[in-house]
Amino acid sequence: MNADFHAMLAAMTTNEKVTLLSGSGLWRTASLPQHGIPDIVMTDGTYGVRYSSAQIDGQQKWSMDDFISVITQTADRAGAVEDEQKGGSEALFSASLPATCFPNGSSLACSWDIDLVQIMGQALGLECQKMGVGILLGPGINIRRTPLAGRGYEYYSEDPVVSGDIAAALINGLQAEGVGASLKHFAANNSEFRRTEMDSIVDERALREIYLAGFQRAIAKSNPWTVMSSYNRLNGVQTSQDPFLLTKVLRDEWGYSGLVMSDWYGIKDRPASLMAGNDLAMPETARDKKTLLAAIEAGEVPLSVVDSACLRMLELIDKVERHRRRDAVADFPAHHALSQRLAAESIVLLKNEDDLLPLRPDKTPRIAVLGKPAQQPVIQGSGCATTVPYFLDRPLDEIFALAGEAFTVSWAEGTPDDIQADAQALQEAITVAREADVAVVFVSTAVGEDGENGDRQDLNILAVHEQLIREVAAVQRNVVVVLANSDAVVMPWLSECKALLETFFAGQGMGGAVAEILFGKRNPCGKLTVTVPNTLEETPAWLHYPGENLQHHYSEGLFVGYRYYDKRRLTPLFPFGFGLSYTRFAYDRIELSTEQLGDNETLTVSVDVTNCGNYAGKEIVQLYVRAPKGELIREERALKAFSKILLEPGETRRVNLQLPVAELSCYHPGLAKWLITPGRWQVYVGGSSRDLPLSAGFNVDCEEQYMTLRDDNSLQQLIQQPEVFDRVVALVAGKSLVPPEVVREKLTRVAPDLFCGLFIALTEFLGLDIERDELNAVLAGE
């Protein structure tokens with residue numbers, strides 16, 4: 001491709017420029033062969049490549065039915081993939097090619113494994129290259145504000161640090177293989193309820209510190225080739241045409257220079273979207289092209305804006321072309337092994353009474369495996385991200401294989417139907433469980449309850465699965481539950497089991513990973529990236545979900561997830577960052593590199609972590625900070641860094657965690673700037689947000705910044721700002737002819753007793769002849 005983009009633009013007509021900034025069909029950008037400009041193929045998803053041959057390669061004209069077939073597809077239990085495995089034929093999901101179905105976002109992030117996620121990104125890149133895909137439409141990193149959110153399974157966490165770091169790792173791996181990422185959905189797309197209509201009403205602090213922070217972090221660490229705007233409105237403005245979001249924040253403040261594209265059919269006013277900074281409209285719509293062309297010809301959209309967007313488009317096409325590898329080979333068996341490894345690193349052991357796991361032949365030689373998901377595993381969510389798995393591990397098969405001759409394994413389905421209980425099948429399961437030493441029960445949420453344009457209705461697992469747990473527990477005291485679910489669930493049945501493995505949607509390698517963990521071939525090391533509630537009603541967003549009058553008020557503000565539970569002193573069912581192991585870890589000897597932290601400096605926090613058990617294991621070391629009291633409300637503690645380490649039995653490792661001073665900043669909406677509160681800070685280190693055995697203090701030395709005072713502020717507020725107080729003292733001294741030191745003493749003495757504003761205090765109580773404008777000028781330093 002000719003790299004002289006300005007010459008290309010000079011040779012293009014306005015109509016051609018409009019064409020360049022529009023899709024061609026569903027999954028391609030426009031090609032302009034007369035100018036040597038090829039197209040780009042892009043496709044979903046966030047955890048696997050969903051390549052629809054009919055829609056991308058087919059010659060027939062695409063239609064709205066094609067699009068609907070994508071976003072409404074339901075994740076099959078993966079029981080029909082034998083065709084793909086045997087012959088690579090296309091059978092499911094709008095004739096999508098089989099690809100590696102890696103752990104979904106809600107599962108993947110529980111690994112907290114930056115290096116491994118980057119390797120996953122590289123694997124996705126190779127599969128994209130093999131299929132000719134230039135842009136993979138992910139990752140999605142919207143905050144998991146409510147567990148009801150339909151696409152929560154695609155997203156990483158309730159915390160922006162985890163979300164941003166995991167996303168950056170995936171993007172870096174993907175783009176290292178020459179395939180662009182599309183970081184999405186920008187921004188505040190935190191539920192699927194009426195998503196194209198709803199207006200997310202978010203105060204600016206929460207918006208910047210929670211909902212935009214993950215995007216900012218990912219962009220700074222990975223520079224994704226594209227960013228995708230979302231469907232919703234944000235504080236009254238459609239995000240796809242929001243200049244505050246797409247220009248002021250993304251480009252001017254963060255310095256992002258890549259391309260912004262719309263979500264599919266996410267633009268409502270094409271000229272407004274281009275003016276706001278949304279370069280590429282996807283997919284192709286004749287109306288959008290027509291309205292944009294008319295707006296340009298009418299002078300409503302300057303050609304300079306069009307050309308800037310076209311330049312970003314040409315740079316993206318050139319980047320994709322330069323990195324295209326038509327001879328790329330994807331090693332699907334190796335990627336399946338990687339999927340197993342990722343699943344094993346991500347599965348969270350939530351409960352393990354009496355050390356029931358790992359299973360041992362001397363303790364539980366007879367194993368009953370129960371539940372439909374053992375044979376037809378629930379490995380992914382529904383919607384546009386749904387991937388046809390190239391291979392599939394069935395947990396039942398993997399358990400039989402690893403059990404060998406040391407165990408006797410029996411099986412009963414128990415729940416052949418997801419809706420109606422089957423008395424005969426349930427009785428068979430009860431009989432099998434009664435005759436065993438341990439029952440491993442596979443359960444899930446309803447297949448298809450998650451997905452696009454609609455949220456979950458509750459936080460329950462399938463009723464027939466809960467019944468299976470309770471009936472089995474009545475005859476078998478050793479029950480292990482293996483749970484597959486899109487996001488957090490309530491667990492009224494938790495006391496009925498001794499052990500619980502949380503897999504979320506762990507991809508095609510889940511079965512092998514579960515079997516290895518059950519038998520101790522792998523030590524579980526995943527930790528939660530969301531808080532698991534006791535009830536839906538206690539979740540932070542509950543009172544204002546899903547909103548009314550097409551507005552969804554984020555009234556919990558900053559207090560999302562663990563921040564809410566900490567602030568309200570509530571005990572969740574399982575806290576953020578929690579996860580058990582077959583070994584145990586001890587923390588000791590915290591040290592700080594300095595006790596005085598200044599501007600542009602980084603604090604190093606060092607701790608010793610020791611494996612005190614008999615199994616090699618991995619620990620996720622988490623660092624939280626608490627701010628000193630200041631003008632703004634702050635969370636009790638906030639995650640700022642983490643590290644995953646492997647320790648042999650008895651091994652101790654010194655772990656160093658980096659904390660740049662900039663990470664301590666919060667956004668002051670009154671000053672419209674980020675600031676750091678000076679004073680004594682606390683740092684906490686441990687294994688979860690509620691298990692932080694080590695702490696230390698340090699001082700932040702920076703200038704405290706204040707809002708400009710007004711005439712109706714109190715005298716006490718004035719005294720808290722010494723420089724401004726000095727100016728007012730000089731004003732009063734000049735007006736009253738009283739020495740400044742006397743004025744200062746008198747004002748300080750009477751301040752606690754004055755209930756009125758500063759202007760009234762000076763004019764009515766002290767009888768000074770001062771005008772409001774005069775006082776405000778002094779307060780402002782004019």
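Computed over heavy atoms, backbone and side chain alike; hydrogens, waters and symmetry mates excluded.
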Distance-only side-chain donor-acceptor flag, [X] / [Y], under 3.5 Å:
{"X": "T604", "Y": "Q658", "result": "yes"}
{"X": "D159", "Y": "S157", "result": "no"}
{"X": "R145", "Y": "H552", "result": "yes"}
{"X": "S240", "Y": "S273", "result": "no"}
{"X": "S229", "Y": "N278", "result": "yes"}
{"X": "H185", "Y": "Y155", "result": "yes"}
{"X": "S106", "Y": "D487", "result": "no"}
{"X": "E158", "Y": "T531", "result": "yes"}

By side chain to side chain contact (heavy atoms under 4.5 Å, CB included) - contacts of [X] (at least two apart):
{"X": "D711", "value": "F759, R772, L775, N776"}
{"X": "T247", "value": "D252"}
{"X": "L570", "value": "Y564, Y565, R568"}
{"X": "E601", "value": "L597"}

Could you measure the distance from the [atom1] atom of [X] to the [atom2] atom of [Y]? Nearest 0.5 Å is fine.
{"X": "L573", "Y": "N534", "atom1": "CG", "atom2": "CG", "result": "5.0 Å"}
{"X": "L603", "Y": "E595", "atom1": "CG", "atom2": "CD", "result": "10.0 Å"}
{"X": "M228", "Y": "L280", "atom1": "CE", "atom2": "CG", "result": "9.5 Å"}

Note: [X]-[Y] ion pair, threshold 4.0 Å (strictly below):
{"X": "E452", "Y": "R151", "value": "yes"}
{"X": "R195", "Y": "E197", "value": "no"}
{"X": "E253", "Y": "R208", "value": "yes"}
{"X": "D203", "Y": "R205", "value": "no"}

Show me the donor-acceptor pairs, under 3.5 Å and distance only, between side chains in residues 670-685 and residues at least two apart or in other chains.
{"from": "K673", "atom 1": "NZ", "to": "Q705", "atom 2": "OE1", "distance (Å)": "2.7"}
{"from": "W681", "atom 1": "NE1", "to": "T677", "atom 2": "O", "distance (Å)": "2.9"}
{"from": "Y684", "atom 1": "OH", "to": "R626", "atom 2": "NH1", "distance (Å)": "3.3"}

*asked:* Before you tell me yes or no, could you show the steps for R710 and D773 under salt bridge (charged side-chain N to carboxylate O under 4.0 Å, His left out), namely the whole-Å CA-CA distance, both residues' side-chain angles and the distance that decides it to 0.1 Å?
replied: CA-CA 10 Å; R710 302 184 307 269; D773 291 346; over 6 Å; no
*asked:* Restricting to ring pair (Phe, Tyr, Trp, His ring centres under 6.0 Å), what partner residues turn up for F576, sequence neighbours left out?
replied: W112, Y562
*asked:* List the residues meeting ring pair (Phe, Tyr, Trp, His ring centres under 6.0 Å) with Y211, not counting sequence neighbours, and say none if there are none.
replied: Y554
Tell me which pairs pass salt bridge (charged side-chain N to carboxylate O under 4.0 Å, His left out) where either residue lies in [range], with sequence neighbours left out.
{"range": "residues 713-723", "answer": "none"}
{"range": "residues 227-247", "answer": "none"}
{"range": "residues 684-695", "answer": "D566-R690"}

Does a sphere of radius 6.0 Å around [atom1] in [X] hold more than 12 heavy atoms from other residues, nucleotides or ligands, not counting ones at 6.0 Å or beyond?
{"X": "I760", "atom1": "CD1", "answer": "yes"}
{"X": "K268", "atom1": "NZ", "answer": "yes"}
{"X": "Q457", "atom1": "CD", "answer": "no"}

Side-chain contact test, heavy atoms from C-beta onward, threshold under 4.5 Å: evaluate it for [X] versus [Y] and give yes or no.
{"X": "E209", "Y": "C666", "value": "yes"}
{"X": "V301", "Y": "V306", "value": "yes"}
{"X": "T146", "Y": "H544", "value": "no"}
{"X": "F725", "Y": "L747", "value": "yes"}

Show me, pair by pair, the donor-acceptor contacts under 3.5 angstrom made by side chains of residues 728-741, not counting sequence neighbours?
{"from": "K735", "atom 1": "NZ", "to": "D769", "atom 2": "O", "distance (Å)": "3.3"}
{"from": "K735", "atom 1": "NZ", "to": "E774", "atom 2": "OE1", "distance (Å)": "3.4"}
{"from": "K735", "atom 1": "NZ", "to": "E774", "atom 2": "OE2", "distance (Å)": "3.1"}
{"from": "S736", "atom 1": "OG", "to": "V732", "atom 2": "O", "distance (Å)": "2.7"}
{"from": "S736", "atom 1": "OG", "to": "V738", "atom 2": "N", "distance (Å)": "3.3"}

*Before giving the answer on side chain to side chain contact (heavy atoms under 4.5 Å, CB included), spell out for L170 and I166 the whole-Å C-alpha distance, their side-chain angles and the decisive distance to 0.1 Å.*
CA-CA 6 Å; L170 189 81; I166 295 291; 5.7 Å; no
_Checking side-chain contact (heavy atoms from CB on, under 4.5 Å) between L245 and each of L212, V237, V260, N235, which is the one that passes?_
L212
*Could you list all the side-chain hydrogen bond (donor to acceptor under 3.5 Å, both in side chains) pairs where at least one residue sits in residues 216-226, not counting sequence neighbours?*
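Passing the test, one end in residues 216-226: D165-R217, D165-K221, S182-T226, R217-E663.
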